[in-house]
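Protein chains get the first letters and strands the later ones, always in sequence-line order, with residue 1 at the start of each.
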Amino acid sequence: MKWGEELPQSFFNQKTEALAYALLGTVLVHDSPNGLTAGRIVEVEMYRGVLDRAAHSFRGIPTSRTRVMFGPPGYAYVYFIYGMHYCLNVVAAANGVGEAILLRALEPLEGIELMADRRRQTLSTPPRISEVKRLTNGPAKLAQAMGITLEQYGWSLFNSPLSLFIGQSPVPRSLVARGPRINVQYAGEAADFEWRFWLKGNSFVSRL
DNA sequence: TGATCGATGCTCT
DNA sequence: GAGCATCGATCAA
């Protein structure tokens with residue numbers, strides 16, 4: 001497959017921070033009935049359990065929304081937010097723990113017209129770089145562009161229409177920047193945790 | 001180019 | 001009933 005090798009289930013079985021680093025540079029693919037879209041992951045945030053006030057799993061008890069987050073790693077945790085947006089997470093950590101990695105930005109690789117269609121944007125011919133960036137430079141934008149809704153809740157990210165591929169050799173940590181997460185000011189000391197990771201200098205990230 | 005604000009409905013208290 | 005892991009329009013400069 002042109003995106004590289006599909007990630008095996010065992011890939012997701014590593015510590016959450018290591019998985020956050022490892023996901024950068026991989027390719028998210030959604031082979032949907034409307035067509036295929038793919039993008040390279042360039043920005044993520046990790047959310048952890050009872051020590052992380054910003055995490056949906058903070059209370060330590062699964063709810064109907066967070067059930068998948070507490071399950072085994074390698075599955076899609078999708079949630080609905082602000083009454084109109086969806087966000088996609090990769091479940092991390094062992095069964096019962098409740099950790100996940102939010103995908104915050106992609107670099108579009110294939111299906112750009114379909115992405116624009118889903119985003120209700122019009123592209124110039126040829127598309128301008130600014131138009132391509134705004135398709136996927138935010139968690140809700142990339143979910144919309146990739147056709148992710150609650151329908152994909154709990155889907156596996158291996159052996160699935162929604163899948164992850166190793167798009168290149170792993171990105172060295174020296175090429176990854178980290179800093180505090182976005183929009184979690186309410187989370188007390190957890191607001192300062194440097195749990196957002198992005199590819200240094202990559203212009204497809206949601207914010208500098 | 002950046003700051004501000006409204007939309008909109010689910011989730012959990 | 002309050003708040004939210006956001007986005008896009010609008011307004012100022």
Undergrad: Quick one: label A:Ala140 by what it contacts on the DNA or RNA (base, sugar-phosphate, nothing), any heavy atom closer than 4.0 Å.
TA: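 Contact class for A:Ala140: sugar-phosphate only.
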Undergrad: Do we count A:Tyr47 as stacking onto C:dA5 if the rule is ring centres under 5.5 Å and planes under 30°?
TA: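 Base of C:dA5: stacked against A:Tyr47.
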Undergrad: How would you label the contact of A:Arg181 with the nucleic acid (heavy atoms, under 4.0 Å): base, sugar-phosphate, or nothing?
TA: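 Result for A:Arg181 = nothing.
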Undergrad: Say whether A:Gln144 and A:Arg119, considering side chains only, have a donor N or O and an acceptor N or O under 3.5 Å apart.
TA: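 Checked: A:Gln144/A:Arg119 side chains pair up, N/O donor to acceptor below 3.5 Å.
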Undergrad: With a cut-off of less than 4.0 Å, is there a side-chain N or O of A:Tyr82 near OP1 or OP2 of C:dA5?
TA: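 Checking C:dA5 against A:Tyr82, no side-chain N or O comes under 4.0 Å of OP1 or OP2.
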Undergrad: Hey, which of A:Arg178, A:Arg104, A:Arg181 is the one that makes salt bridge (charged side-chain N to carboxylate O under 4.0 Å, His left out) with A:Glu43?
TA: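 By the salt bridge (charged side-chain N to carboxylate O under 4.0 Å, His left out) criterion, A:Glu43 pairs with just one of A:Arg178, A:Arg104, A:Arg181: A:Arg104.
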Undergrad: Just checking A:Arg119: base, sugar-phosphate only, or nothing, at a heavy-atom cut-off of under 4.0 Å?
TA: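 Sugar-phosphate only.
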Undergrad: So, is A:Arg120 close to the C:dG8 phosphate, meaning a side-chain N or O under 4.0 Å from OP1 or OP2?
TA: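 For C:dG8, OP1/OP2 do not have a side-chain N/O of A:Arg120 under 4.0 Å.
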Undergrad: Can a side chain N or O of A:His56 be found less than 4.0 Å away from OP1 or OP2 on B:dT11?
TA: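 No, because none of the side-chain N or O atoms of A:His56 sits under 4.0 Å from OP1 or OP2 of B:dT11.
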Undergrad: Can you check the A:Arg53 CZ to C:dC4 C1' distance for me, whole Å?
TA: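 A:Arg53 atom CZ is separated from C:dC4 atom C1' by 14 Å.
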Undergrad: With nearest nucleotide decided by heavy atoms, which residue, A:Lys141 or A:Val184, maps closer to the 5′ end of DNA chain C?
TA: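 On the 5' side of the pair lies A:Val184.
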Undergrad: Side-chain N or O of A:Asn183 less than 4.0 angstrom from OP1 or OP2 on C:dA5?
TA: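 A:Asn183 to C:dA5 OP1/OP2: no side-chain N or O under 4.0 Å.
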Undergrad: Output yes when at least one side-chain N/O atom of A:Arg104 is less than 4.0 Å from OP1 or OP2 of C:dA5, else no.
TA: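 No.
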